[in-house]
Amino acid sequence: MTDSKETKDNEITVNASSARALSGYLLKKGCSKQELESKTGLQLDELDQPDHRIPLSTFHSLWDTAETFTNDPAIGLHIGESSNTDEMGVVGHIFFNNITLGDALTQFERLYSLVNAGMRVEFYVDDEFAHLNYHCENPEYYSRANMDRTMAISVIRARSLIHATLKMEYVAFAHPEPDYAEEYHRIFQCPVKFDQPHCAIVFKKQFLEFELPKRNPYLHQVLTRHVETLLNKIRPKKSLSDQVKQIASKQLPKGDVDAEKIASILCMSRHTLYRKLKSEGHAFQELVESVRKEKAIRYIQEKRYSLSEIAFLLGFSELSAFSRAFKRWTGTSPAKYDK
């Protein structure tokens with residue numbers, strides 16, 4: 001068992017507020033404090049400490065205990081739909097004190113590692129839809145029950161705290177379709193996809209303009225200042241190559257991924273950029289190509305865009321150039337891939 005007091009500096013952690021809500025649910029269902037602590041290694045009293053974090057492995061153990069104790073495989077969905085604002089963590093309070101939904105999601109993308117350092121949130125907007133994607137960098141970091149809860153809370157809070165008409169285009173999950181699939185349709189009231197490359201919530205981009213009705217600018221400022229300190233404590237030092245890939249990913253649709261531009265964003269010269277990347281064993285163009293390849297495969301698997309649209313999103317001026325590049329990356333044409 002993992003002792004929550006022995007969280008190592010390099011260990012993947014989650015905010016204790018999620019574990020507090022889950023353990024509180026189990027205690028109300030009749031599970032004893034002693035049983036919970038013995039099976040998970042948690043010290044429940046510590047979960048009430050502000051900004052307390054626990055190892056991700058311990059959090060997953062708590063979910064396993066919850067599913068076994070309740071004999072409810074859909075417990076993540078059921079806890080998600082019954083959650084209340086009293087259980088909301090600091091990132092949730094920051095979210096709902098933004099001016100608009102678009103502002104909130106932009107900040108949420110940057111702060112999500114405070115909620116769960118094992119997941120990465122990506123928020124982007126295309127011509128028609130807003131996409132909130134949850135990427136799991138390591139399969140061991142993924143928990144079906146926790147993602148059920150995360151997605152259910154997100155959608156239900158959006159409807160209750162932002163606007164009742166906020167309709168999802170679809171939601172997607174990275175895990176296979178479970179036996180309780182009808183519960184997803186009941187809760188989300190929109191198309192649900194399984195076995196996807198990542199979890200996602202997709203809705204029409206017009207909803208991003210919704211103003212959050214109960215925002216408090218002063219509270220938002222105070223909480224944001226507080227979490228910046230927390231972020232610096234848990235944020236791993238990003239390599240330059242990781243920073244280049246992250247920037248390139250955002251610049252691709254703009255067709256603005258040349259080395260000069262990215263070096264400027266990183267406040268260095270192109271020569272310094274090349275030299276530092278070389279010291280990490282990478283070349284600039286190789287990193288850009290890897291980002292293009294990853295996004296191309298993902299877009300094709302999602303089946304949401306035409307090949308011409310994908311070419312544009314990846315910064316290619318012509319479909320033929322994209323097709324040649326894709327065949328070089330995968331050995332087959334984009335039209336035949338994933339068939």
Side-chain angles (χ1 to χ4, degrees), residues 1-93 112-119 134 136 138-157 160 173 175-176 178-184 186-187 199 230 233-234:
M1 285 180 284
T2 304
D3 188 340
S4 60
K5 293 182 179 179
E6 297 179 354
T7 301
K8 300 174 183 177
D9 290 341
N10 61 347
E11 193 164 20
I12 300 298
T13 60
V14 300
N15 187 276
S17 62
S18 298
R20 182 170 62 246
L22 177 54
S23 59
Y25 179 90
L26 293 175
L27 292 173
K28 289 178 183 177
K29 290 291 184 180
C31 186
S32 71
K33 178 180 177 182
Q34 181 181 8
E35 182 181 3
L36 267 182
E37 291 185 336
S38 66
K39 288 187 175 181
T40 64
L42 281 170
Q43 298 296 316
L44 297 189
D45 292 340
E46 293 181 350
L47 301 183
D48 292 325
Q49 297 175 12
D51 307 325
H52 186 63
R53 302 188 68 79
I54 64 171
L56 180 62
S57 57
T58 302
F59 186 47
H60 286 181
S61 177
L62 180 60
W63 275 114
D64 292 339
T65 300
E67 192 167 331
T68 300
F69 178 78
T70 61
N71 195 30
D72 178 11
I75 185 173
L77 291 177
H78 296 153
I79 290 178
E81 71 172 331
S82 63
S83 67
N84 56 65
T85 54
D86 293 338
E87 300 169 348
M88 199 153 57
V90 64
V91 174
H93 285 290
Y112 192 74
S113 58
L114 285 171
V115 178
N116 184 341
M119 302 289 291
Y134 292 82
C136 190
N138 185 327
E140 293 181 0
Y141 299 162
Y142 190 87
S143 165
R144 171 186 49 79
N146 185 52
M147 287 314 301
D148 280 353
R149 172 186 176 271
T150 298
M151 302 283 277
I153 282 179
S154 299
V155 172
I156 288 170
R157 283 181 178 168
S160 63
F173 291 87
H175 53 262
D179 293 337
Y180 55 91
E182 69 280 356
E183 286 294 85
Y184 292 91
R186 179 182 66 81
I187 291 170
C199 296
L230 301 180
K233 291 180 180 179
I234 71 163

The criterion is side-chain contact (heavy atoms from CB on, under 4.5 Å); which residues satisfy it with Ile153, sequence neighbours excluded? Ser83, Arg149, Arg157

Do Tyr25 and Ile75 have side chains that approach each other closer than 4.5 Å (heavy atoms only, starting at C-beta)? yes

Take Asn116 and Asn146 through the test side chain to side chain contact (heavy atoms under 4.5 Å, CB included) and record every step on the way to the result. CA-CA 10 Å; Asn116 184 341; Asn146 185 52; 3.8 Å; yes

Kindly write out the residues that satisfy salt bridge (Lys or Arg N to Asp or Glu O under 4.0 Å) with Lys29, not counting sequence neighbours, or none if the list is empty. none

Taking atom CG of Asp48 as the centre, report whether more than 12 heavy atoms of other residues, nucleotides or ligands fall under 6.0 Å from it. yes

Within the 4.5 Å heavy-atom criterion, are Phe173 and Pro178 side-chain neighbours or not? no

Hey, is Glu182 close enough to Arg186 for a salt bridge, meaning N to O under 4.0 Å? no

Which distance, rounded to the nearest 0.5 Å, do you find between the OG1 of Thr150 and the CG of Leu77? 10.5 Å

What residues form a salt bridge (Lys or Arg N to Asp or Glu O under 4.0 Å) with Asp45, not counting sequence neighbours? Lys33

So how far is it from Leu42 CG to Arg20 CZ, rounded to the nearest 0.5 Å? 12.0 Å

Once rounded to the nearest 0.5 Å, what's the spacing between atom CD1 of Ile79 and atom CG of Leu22? 4.5 Å

Atom CD1 in Ile12, atom CG in Asn138: separation rounded to 0.5 Å? 8.5 Å

Closest non-hydrogen atom pair, Ile54 against Ala19: CD1-CB, 3.6 Å

Would you compute the distance between atom CG of Asp51 and atom OG of Ser17 and round it to the nearest 0.5 angstrom? 10.0 Å

Any idea which heavy atoms bring Leu62 and Thr40 closest together, and the distance? CA-CG2, 3.7 Å

Can you name the residues that form a ring pair (Phe, Tyr, Trp, His ring centres under 6.0 Å) with Tyr180, not counting sequence neighbours? Tyr184

With sequence neighbours excluded, what pairs up with Glu140 under the salt bridge (Lys or Arg N to Asp or Glu O under 4.0 Å) test? none

N/O donor-acceptor pairs under 3.5 Å from side chains in residues 66-74, not counting sequence neighbours:
{"unit_1": "Glu67", "atom_1": "OE1", "unit_2": "Arg144", "atom_2": "NH2", "d": "2.9"}
{"unit_1": "Glu67", "atom_1": "OE2", "unit_2": "Arg144", "atom_2": "NH2", "d": "3.1"}
{"unit_1": "Thr68", "atom_1": "OG1", "unit_2": "Asp64", "atom_2": "O", "d": "3.0"}
{"unit_1": "Thr70", "atom_1": "OG1", "unit_2": "Ala66", "atom_2": "O", "d": "2.8"}
{"unit_1": "Thr70", "atom_1": "OG1", "unit_2": "Asp72", "atom_2": "N", "d": "3.3"}
{"unit_1": "Asp72", "atom_1": "OD1", "unit_2": "Ala74", "atom_2": "N", "d": "3.0"}
{"unit_1": "Asp72", "atom_1": "OD2", "unit_2": "His78", "atom_2": "ND1", "d": "2.7"}

Nearest heavy-atom neighbours spanning Ser143 and His60: CB-NE2, 3.5 Å

At what distance, to the nearest 0.5 angstrom, does OG of Ser32 lie from CG of Leu26? 10.5 Å

Exam field: side chain Glu81 to backbone Ile156, donor-acceptor pair closer than 3.5 Å: no

Could you report the tightest heavy-atom contact between Cys199 and Tyr142, atom names first, then the distance? SG-OH, 3.3 Å

Heavy-atom donor-acceptor pair, Thr65 side chain to Ser61 backbone, under 3.5 Å: yes

Going by heavy atoms in the side chains, are Val91 and Asn15 under 4.5 Å from each other? no

